[in-house]
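Worksheet for the structure shown next.
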Amino acid sequence: MPSDAEGAVHARWDAARCFHAEPSAPGETYAIFIPPPNVTAALHLGHAFNNSLQDLLTRYHRMQGANTLWMPGTDHAGIATQTVVEKRLLLQGKKRTDFTREAFVEKVQEWKDEYEATILGQLKGMGCSCDFDRTRFTMDETCATAVRHAFFTLFKDGLVYRGKRLVNWDPVTQTALADDEVEMEEVDGSFWYLKYPLADGSGHITVATTRPETMLGDTAVAVNAKDPRAAALRGKKLRLPIVGREIPIVEDDYVVMPASLGGDPADPKAQFATGFLKVTPAHDPNDWDIGQRHNVAAINVMAPDGSISDRHGWLDVSAEAKQFVGLSREEARKRIVAWFKQNGLLEEVKPYRHSVGHSYRSHVPVEPYLSDQWYVRVTDDRLRGTALRAMAKDQVEGALESSVASGPAMAGDGELRFFPARYAKNFQMWHENIRDWCISRQLWWGHRIPVWTKRGEASMLASNMGALASLDPSHTVVRAARVVDGAEVALSALPAASGEHDLHVCLLDDTQGGMLESLGFKRDPDVLDTWFSSALWPLSTLGWPDPSKWPEMAGLLDRYNPSSVLCTAREIITLWVSRMVMFNRYFLGRLPFKHVFIHAMIQDGHGQKMSKSLGNGVDPRDIIHSHGSDAMRFTLVSMATNTQDVRLPVDMVCPHTSETFTPKWITTSAGYTVADAIQPSPKDASKKMVSGFGAATGVATPTAEIPLARNTSARFDLGRNFANKLWNATRFALSNLSQADAASQPAPLTLLDRWMLARLELASRAYGAAVAEYEFHRVAEALYDLVWRDFCDWYLEGIKPTVRSNATQQAVLAASLDAILRMLHPVCPFVTETLWSNVQGLAKGSVDGVALQPSALCATAAWPRFAASLRDEKALAEFARVQALVDAIRKVRGERQVSPKRRIALLAGESVRALIASSGGVVETMAGLESVGASPAARPATAVAIPFEGSEVLLDGLVDAVDAGAENARLSKLIADREKQASGMRAKLENEAYIAKAPPALVEETRKKLAEVDADIAAAKQALAALAT
RNA sequence: GGGCGCUUAGCUCAGUUGGUUAGAGCACCGCCAUUACACGGCGGUGGUCGCAGGUUCGAGUCCUGCAGCGCUCACCA
């Protein structure tokens, strides 16, 4: 079987170093940066899909003579990896904080080493032709240098700033999350209607909230100015229950009025709104905005762990409020609601189902939390503007905003193109609405932020300025921030003359860190968002900013950046694609890649995205085990269409019996359908196994008795059968060639040979066009048709009687086989490489118009070149007639259940006989003909008639005696089919509008076709009549 | 709620600028151990192209509306 040889093939590729990129080598540049997989877990079929396509592109262009680089590597995936490791430690009863930072990072490093090795092994197992010598990791020294340089540069250029913002805070992992890291989940909650008394005792208003615990931080209540009640309340104050704080009533048109008071009844908010909105600037993003507009304070009432706290900005804690301090947010909610109820201030409670942001890692509700974070000012034209201007003009919807369009020109403007084109819109809309990017993360695993900070009075800090001034200015940037009430206000070049300040020092490298620390500066404990280093991937992997630092990287940056194409999934157009474009353009003034190809998503059999976190991912090694790597690749490529996500029903393989079976499905709490963690063996329920879901989520751990079950899917049979077909066809062709008659003579090319060469030429062009448009399923289709339909079904079958004595045909066969292996190689590298040496050694002579450069390895072979002269339209047309005739005869044979062994006589008119003669024996071979003769004057009693191209063809000897009933049925059905066709065409031709408006050539064709169908009907009717006599 | 995509044979999917009998693989039915391959060969059954309108000589394809599914952004009083 083909898959057996995969390991040996690898060794040969490695020995020849055929995937190693040399920047000084000739050829057009073709480069791809792998989207670095996270080191959190092993790859699944989604990665296999993505990488199969990248490998196809890389191998195809390598064979076209390009100087190719496929850069491999992995991503440290900050939050994700740290969380995975923390979870594992938790199973051992340990917490992250039980370790020192260094010791913990060491633990994560071990995890990373294990999975990085697994991932690289998987890539090799899939046959990926990456330049593994250049493998990078987003936290290795090379990448770290790039990250450090990038941060320093942005800091120096004023594009990194310290911001006080409401961030998405995960109270469990105690880190800020990017918007994209927040998952919305539907939860059953309540609306609590709370009464707030007016300060003057003249009554109360009612606010509606889903988060009553935040009321401790309320600093205003807002009402819409159009609300009829607003005027009477203007200038009044409220007494905040529990806290006793006096808070203003502000007017803001953000507030939705209740439907009963003129609010839009179509707005669901109008249904439950009271018209009064409690304003908690420190705990809600919209309230933050309202607070800014009305200049009310933001009071933070929570600690970083989400508990109520009086130590993080809440000063006016009343005696009554003290009881809530220290409670968890969940507990505080219950107790505060109870307080309102006890005090007669709870007006109503309504059940309410709504979506709440959850941490995509810890899965707890995200808390909007006020904190100091580092931001990249991506809204600056130097970042956002350059990204928008990079877009291909014809892919921009509408026009770019004038301020963007008029921005400074740069190389690469208008050259970024998306495939399929519709994804350009995602990219554009993201940048048009982009917000500054929060890049600090409260983690230990990642690139530590290179900023040292000291807080103090301006006078005290001034004494440090002298020491700072002595530092190398090209390695040091100093910024100061005024501190008011413990919070930073704004960054500036220098501290003001007086007042408390934070002095921030950004260093390009660590050498002066110790000096700063001796002055009392502390290094920022946070790390950078993972996407910060990912955004630099096309730069960092090539040694930017200074490739000369690493000898083996010389020349890489200039040669391979910009790269050719980025192949990725649509979900990270914003997270990753955007940021690479902005950074690459900002730092290098170039595009990171010219094309962005967005491929479909792999879903499981239930239409759910295959993902690590869901635990429904299938390990490609499982499919390689059941079907082989080439089979997996071919199938994945054939599924790569541009519109449809790929749905892949998954089965399990019992490790005890090797049976394939459908697992027992369960529904998770989040509503997903997954394979139950422990499954019984299908024939023996006492034997158990662990599903991929069980292992991936840690619900079950495989043991010797309860082993992990592999997955498989019948979808891959397609590729397995195809690889098998190629294998056998090659064996057959080789045996024919090796047993060729010594006395073989050259002969003119037969119709079949000319047809085969024309099909090869056609397939090669179709292939190239499909690759150029990233329509990969068309590549698989072209190969499938070429190998199976054309080469195996027609060519190999057709040449059986002649090839051993025809030296020219032997050469065509050898050349066809050689070309097929080359063309198939980018999709099925293993089987083609395995067969390669056998086919290369044939020496059967050349074929005019076919250029097949010799090569020791298929992987480094040149793409076959076909001269335009092989594009033989006449041979294609004529052979199509041959196929139609053979099909017609086979159809009768099939319908009448005639043994393939039975030879028959064909009697026909001159044109059919001429066609058969021109086929060079193909019709006789393929249709099982014993003889071909002229139509007789009198029809033999045993003859069966078929219409072909408007005339009657008789098949004699097909049956011992004509079964009049069966024959009648066959001909009647044939006539009915043809008449249905004819009536459609006749109706068209009788329609004057059709004659007048349709293109004349089409009308003429309809007439011709109708005449032929009519002639077929006449011939069949004649046969039917003859049957009756 | 905005944006994008999808809905075609029992299943998974193709179907290029509107054009004549809507295709493939699997599954299913029949025939075949023919000397490459049963992971095979030959033949066959199977579709009112989600629904309703419209444009057109002609609609799976273009337009409008509706329904369902998926992704994504936003909201999340």
Side-chain angles (χ1 to χ4, degrees), chain A residues 1 179-180 184 187 189 191-193 207-211 222 254-256 267-269 272-278 284-287 352 354-357 420 422-423 425-426 429-430 433 570-571 573-574 601 603 605 607-609 627 631 635 638-639 641-649 714-715 717-718 720-736 773 775 777-778 781 784-785 792-793 796-797 800 887 890-901 926 928 977-978 980-981 984-985 988 991-999 1002-1003 1005-1006 1009-1010 1013:
Chain A
M1 289 299 287
D179 291 343
D180 334 82
M184 303 313 292
V187 296
F191 257 119
W192 286 277
Y193 289 80
V207 296
T209 180
T210 56
R211 302 178 59 216
Y254 174 78
V255 181
V256 174
D267 183 348
K269 283 180 186 168
F272 49 72
T274 66
F276 294 102
L277 174 66
K278 64 192 273 302
D284 182 285
N286 294 307
D287 291 11
Y352 182 57
H354 61 139
S355 57
V356 174
R422 62 176 184 276
Y423 291 112
K425 193 172 175 179
N426 277 31
M429 282 171 64
W430 164 257
N433 301 308
R570 57 179 175 264
E571 63 203 2
I573 291 175
T574 54
M601 198 113 72
Q603 303 174 338
Q608 305 161 143
K609 177 182 156 189
H627 288 81
T635 306
S638 74
M639 296 191 300
T641 67
N642 280 342
T643 50
Q644 191 74 40
D645 284 338
V646 176
R647 192 180 278 220
L648 203 80
R715 292 294 298 276
D717 292 354
L718 169 73
R720 181 198 56 192
N721 297 353
F722 181 71
N724 183 253
K725 188 75 178 176
L726 175 79
W727 181 264
N728 284 301
T730 306
R731 274 195 340 168
F732 175 67
L734 291 173
S735 79
N736 269 289
E773 291 161 54
E775 300 229 7
H777 76 279
R778 281 166 49 198
E781 202 175 77
Y784 190 92
D785 286 344
C792 292
D793 289 352
L796 286 183
E797 292 299 330
K800 274 180 180 175
D887 285 347
R890 280 173 166 176
K891 182 166 173 170
V892 184
R893 295 186 72 123
E895 280 171 351
R896 305 307 294 274
Q897 305 184 358
V898 175
S899 160
K901 279 188 188 137
M926 309 284 269
D977 281 357
R978 293 288 204 284
K980 194 178 145 207
Q981 229 179 306
M985 287 189 271
K988 265 187 196 311
N991 180 347
E992 281 172 32
Y994 177 68
I995 306 287
K997 295 188 179 175
L1002 193 69
V1003 176
E1005 205 185 315
T1006 308
K1009 187 86 187 166
L1010 177 61
V1013 171

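Scope of the values below: all heavy atoms of this structure, side chains included, with no hydrogens, waters or symmetry mates. In what follows, chains are A, B, ... by sequence order, proteins preceding strands, each numbered from 1.
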> Starting at CE of A:Met639 and ending at C1' of B:A24, how long is that distance when rounded to a whole Å?
Replying inline: 15 Å

> Could you state the CG-P distance from A:Asp887 to B:C42, rounded to the nearest angstrom?
Replying inline: 10 Å

>> With hydrogens left out and only the distance checked, is there a donor-acceptor pair under 3.5 Å joining A:Glu775's side chain and the base of B:A14?
In response: no

>> What is the separation between atom CG on A:Asn724 and atom C1' on B:G40, rounded to the nearest whole Å?
In response: 9 Å

> Is any N or O donor-acceptor pair between the side chain of A:Lys425 and the base of B:C4 shorter than 3.5 Å?
Replying inline: no

> Which one is paired to B:C6, where only Watson-Crick or G-U wobble pairs with both distances under 3.5 angstrom count?
Replying inline: B:G68

>> Which nucleotide, if any, forms a Watson-Crick or G-U wobble pair with B:C62, using both distances under 3.5 Å?
In response: B:G54

> Whole Å only: how far is the OH atom of A:Tyr784 from the C1' atom of B:A24?
Replying inline: 8 Å

> A:Ile573 CD1 to B:C4 P: how many Å, rounded?
Replying inline: 14 Å

> Do the side-chain N or O atoms of A:Thr209 get closer than 4.0 angstrom to the phosphate oxygens (OP1, OP2) of B:A77?
Replying inline: no

> Once you round it to whole Å, what is the distance between P of B:U7 and CZ of A:Arg647?
Replying inline: 12 Å

>> Strictly below 4.0 Å, N to O, side chains only: are A:Asp717 and A:Arg720 in salt-bridge contact?
In response: yes

>> In this structure, how many angstroms lie between the P atom of B:G3 and the CZ atom of A:Arg570, rounded?
In response: 17 Å

> B:A77 phosphate, OP1 or OP2: any side-chain N/O from A:Thr210 under 4.0 angstrom?
Replying inline: yes

